[in-house]
Colleague: 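Starting off with a structure, shown below.
Letters go in sequence order (proteins before strands), and every chain restarts at 1.
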There are 2 protein chains.
Amino acid sequence: MKETTLKEIAETLGISITTVSKALKNYSDVSEKTRKAVYALAEELNYTPNSFAVNLRTKESKTIGLIIPEVVHHFFSNVINGIIAEAEKNGYLVIILQSNESLELEKKQVALLINKRVDGIIMSLSNESNNDFHIKEILRKEIPFVQFDKISKLIPSSKVIINDQKAAMEAVQHLIDKGCKKIAHIRGLENPQNSIDRFIGYKKALEKNGIPFDPKLVYACKSITFEQGVVFAKQIIEDDLGIDGIFVITDLVAIGVLAHFNEIGIQVPGQIAIIGFSNWFVSQVISPKLSTVDQPNYEMGVAAFGLLLEEIVCRKNGKPFEPKIVELGTSVIVRESTLKK
Amino acid sequence: MKETTLKEIAETLGISITTVSKALKNYSDVSEKTRKAVYALAEELNYTPNSFAVNLRTKESKTIGLIIPEVVHHFFSNVINGIIAEAEKNGYLVIILQSNESLELEKKQVALLINKRVDGIIMSLSNESNNDFHIKEILRKEIPFVQFDKISKLIPSSKVIINDQKAAMEAVQHLIDKGCKKIAHIRGLENPQNSIDRFIGYKKALEKNGIPFDPKLVYACKSITFEQGVVFAKQIIEDDLGIDGIFVITDLVAIGVLAHFNEIGIQVPGQIAIIGFSNWFVSQVISPKLSTVDQPNYEMGVAAFGLLLEEIVCRKNGKPFEPKIVELGTSVIVRESTLKK
DNA sequence: AATATAATCGAAAACGTTTTCGAAATTACC
DNA sequence: GGTAATTTCGAAAACGTTTTCGATTATATT
């Protein structure tokens with residue numbers, strides 16, 4: 001399978017490789033006549049530039065890397081979608097790697113991408129990750145870098161985020177508005193920024209409404225799973241603290257809670273109202289439909305690539321780059337699980 | 001940001017580039033002494049080979065392409081997972097592109113990957129796609145190629161599939177075993193192979209049990225969506241044909257049906273039993289839990305990469321390659337939606 | 001017709017690696 | 001001490017492109 005090269009075109013046309021190359025890139029110092037001839041022959045021979053050679057010469061691969069905790073995840077797969085679409089629109093391809101929420105694996109993935117000499121990296125940190133060496137290495141090498149969703153505030157890079165505190169406050173406020181008096185919070189893991197911020201938002205909402213904060217009403221997830229939701233649902237019934245509303249870190253856990261309540265006959269929202277976070281697809285097809293906080297997944301991906309491209313272009317021109325932060329809006333989606341009258 | 005090169009190591013050590021290269025690759029014609037020295041300095045200078053140069057020289061990128069109809073999809077995201085994991089294990093990275101079920105886009109994506117000179121392509125066809133020019137081009141260029149899930153039997157390449165006919169038969173047989181007398185089928189689009197095969201399986205199961213096939217009981221999806229399920233649920237009630245069991249092309253549509261039946265008070269499985277296909281995650285968290293056919297998603301990805309790698313290795317050694325077909329097993333998962341006593 | 005200006009071309013270096021093949025240095029052997 | 005065998009090394013070509021800069025040719029200006 002012989003691929004046509006510039007050399008081949010040059011030889012059959014009796015001109016130099018230089019001229020062929022310049023003709024194809026529409027340089028001004030090649031005559032209309034030869035330009036047309038080159039284009040015609042290139043078309044005929046089905047010429048496509050050898051990207052390996054182009055990469056080597058231009059020192060860029062027109063490829064970016066994406067590292068996320070997990071692919072099989074409604075939120076992340078939507079973000080992937082946005083990134084791929086926007087990247088392609090700008091002539092970039094996307095290599096996707098998974099950290100599986102493991103710091104070790106994340107380090108390895110970063111190394112792989114640096115080795116591959118991608119033009120930039122977009123990343124959502126794994127739970128254990130923070131401002132570690134592998135991240136510092138990305139910055140030291142001045143590889144364009146954007147964080148989204150699960151970020152570390154300590155890392156000076158561009159970021160695409162939502163205002164988790166504000167969003168959580170609004171969710172809890174919604175429960176209060178619907179008449180909930182004793183609101184529990186099923187929070188996320190200890191480390192992740194969004195887990196912390198949503199917890200803070202929960203407390204702020206209580207405070208704002210003059211409701212005393214009670215640490216006994218906070219349940220901390222060991223894992224973000226459906227099963228974890230079931231476990232805490234049981235726990236909440238057992239604890240019997242008079243809880244009438246629950247704000248859950250994410251929809252997946254919330255539907256675990258919901259499923260158990262359904263099973264044992266607890267009325268939702270009658271006895272206990274539930275609101276989740278992230279607006280997973282399943283939330284609108286279960287019964288009762290789960291109220292939640294919508295965050296713009298696809299747009300997050302688009303924004304992330306946008307920021308990355310800005311940095312890529314800026315650095316290519318040798319200018320220093322100033323990281324930017326894009327904050328996208330969220331909204332409470334009211335469905336059946338909080339619809340007390 | 002100067003990267004260390006072989007040249008640099010060679011100069012500071014006072015030896016040739018050749019020797020450095022060979023030392024790092026443990027060639028036998030370099031003495032233990034210089035080998036150690038090279039390794040030490042390479043380590044110290046944090047040397048990593050320039051992959052652009054390696055690609056150009058070796059004519060391979062250690063990167064494969066993956067084209068799927070959509071990323072945000074429980075089945076496909078699981079397959080992606082399997083492919084990425086297996087690829088990484090073997091030193092390959094994965095570029096993912098989406099066809100959005102559009103033939104035009106699919107052609108463009110194929111062109112992009114060929115241009116990028118990936119070492120191989122794994123693909124699940126879009127609905128409109130068949131044995132078109134862009135696919136023939138892959139084969140003509142002898143680019144290692146594997147189809148999975150939505151395949152075309154006309155394309156002579158390796159394939160990873162399930163036995164859709166057999167799986168569908170088992171699903172319908174299950175409905176019959178549970179006492180269903182009048183079984184409808186909500187089938188997929190006209191074109192896709194798995195849609196056709198599941199329909200055939202449905203008919204065969206009826207035939208095997210002496211139940212006459214009635215085309216009025218077949219509803220053909222215009223799109224594979226939740227909403228399509230709702231539409232057909234209404235239709236089925238309106239038609240009032242005494243249907244007591246439904247075999248649905250895929251879970252997403254099935255839960256649309258289920259949601260509407262729940263809403264208007266049709267008992268599932270009491271009045272109508274429902275079985276879906278593909279074992280989506282949501283099927284186990286809705287009420288009633290949806291019976292379905294499980295197909296091994298992750299394993300499909302692993303198998304697909306395995307076949308691709310076989311072809312890559314084979315072709316690299318200049319041997320002719322004989323396409324292989326891997327058929328993975330499925331199983332009926334019995335949950336609440338078919339649990340008539 | 002001579003000179004100045006503009007248009008068109010190509011030689012060559014460079015990107016960083018891999019690999020072939022021959023040369024040099026070392027060791028073994030009689 | 002001379003030859004043969006073995007070990008160790010490096011020059012050079014090759015992969016295919018991009019770009020600089022000088023050379024050549026054609027056109028414009030007096």
Colleague: Please state whether the phosphate of dG16(C), meaning OP1 or OP2, lies under 4.0 angstrom from any side-chain nitrogen or oxygen of K59(A).
Modeller: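 For dG16(C), OP1 or OP2 has a side-chain N or O of K59(A) closer than 4.0 Å.
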Colleague: Measure CG/L6(A) against P/dA11(C) and give the value in whole Å, please.
Modeller: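 Distance check: L6(A) CG to dA11(C) P gives 15 Å.
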Colleague: Rounded to the nearest angstrom, tell me the gap between atom CZ in R117(B) and atom C1' in dG16(D).
Modeller: 9 Å
Colleague: Can a salt bridge be assigned to the pair E88(A) and K108(B) using a cut-off of 4.0 Å between side-chain N and carboxylate O?
Modeller: yes
Colleague: Judged by each residue's nearest nucleotide on DNA chain D, which is more toward the 5′ side, A53(B) or V30(B)?
Modeller: V30(B)
Colleague: Whether the side chain of N194(A) engages the backbone of K150(A) through a donor-acceptor N/O pair (distance < 3.5 Å, no angle test) should be reported.
Modeller: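 Such a contact is absent between N194(A) side chain and K150(A) backbone.
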Colleague: Please state whether the base of dA11(D) and the side chain of T18(B) form at least one donor-acceptor pair under 3.5 Å?
Modeller: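 Looking at the base of dA11(D), it does pair with a donor or acceptor on the side chain of T18(B) (distance under 3.5 Å).
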Colleague: How long is the line joining CG of N115(B) and P of dG16(D), in whole Å?
Modeller: 15 Å
Colleague: Please lay out, stage by stage, how E3(B) and K141(A) fare under the test salt bridge (Lys or Arg N to Asp or Glu O under 4.0 Å).
Modeller: CA-CA 9 Å; E3(B) 297 281 345; K141(A) 292 201 170 218; 3.5 Å; yes
Colleague: Please say whether more than 12 non-hydrogen atoms of neighbouring residues, nucleotides or ligands are located less than 6.0 Å from CD in E43(B).
Modeller: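 Check fails, neighbour count at 12 or below.
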Colleague: Nearest whole Å is fine: how far is dC15(C) C1' from E8(B) CD?
Modeller: 15 Å
Colleague: With heavy-atom distances below 4.5 Å as the criterion, would you say the side chains of I64(A) and L308(A) are in contact?
Modeller: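 In contact.
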Colleague: Can you tell me which nucleotide in dC15(D), dA11(C), dT17(D) comes closest to the side chain of L56(B)?
Modeller: dC15(D)
Colleague: Please name the residue in the list E106(B), E101(B), K107(B) that meets the side chain to side chain donor-acceptor pair (under 3.5 Å) test with S126(B).
Modeller: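 Filter result, single survivor: E106(B).
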Colleague: Rounded to the Å, how far apart are E11(B) CD and dG16(C) P?
Modeller: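 It works out to 12 Å between those atoms.
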Colleague: Measure the distance from CD1 on I15(A) to C1' on dG10(C) and round it to the nearest whole Å.
Modeller: 10 Å
Colleague: Between E60(B) (CD) and dT18(C) (P), how many Å, whole number?
Modeller: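 Whole-Å distance recorded here is 12 Å.
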Colleague: What residues in residues 20-28 of chain B put a non-hydrogen atom under 4.0 Å from any atom of DNA chain C?
Modeller: S21(B), K22(B), K25(B), Y27(B)
Colleague: Mind checking whether F148(B) and F75(B) have parallel, tilted or perpendicular rings, split at 30° and 60°?
Modeller: tilted
Colleague: Show the numbers, then the answer: is there a side-chain contact (heavy atoms from CB on, under 4.5 Å) between S124(A) and F76(A)?
Modeller: CA-CA 9 Å; S124(A) 177; F76(A) 285 122; 3.6 Å; yes
Colleague: To the side chain of Y47(B), which of dC15(D), dT17(C), dT18(D) is closest?
Modeller: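 It is dT17(C).
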Colleague: Does the side chain of T5(A) get closer than 4.0 angstrom to OP1 or OP2 of dC15(D) through an N or O atom?
Modeller: no
Colleague: Counting the atoms with a prime plus P, OP1 and OP2 as sugar-phosphate, which does N50(A) contact under 4.0 Å by heavy atoms, base, sugar-phosphate, or nothing?
Modeller: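 The answer is sugar-phosphate, as N50(A) gets under 4.0 Å only of primed atoms, P, OP1 or OP2.
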Colleague: From dC15(D), dA13(C), dT8(D), pick the nucleotide closest to the side chain of R57(A)?
Modeller: dA13(C)
Colleague: Verify the contact: side-chain N or O of S16(A) to OP1 or OP2 of dA11(C), cut-off strictly under 4.0 Å; return yes or no.
Modeller: no
Colleague: OP1 or OP2 of dG10(D) versus the side-chain N and O atoms of T19(B): is any pair under 4.0 Å?
Modeller: yes
Colleague: Between C1' on dT18(C) and CG on D29(B), what's the gap in Å once rounded to a whole number?
Modeller: 13 Å
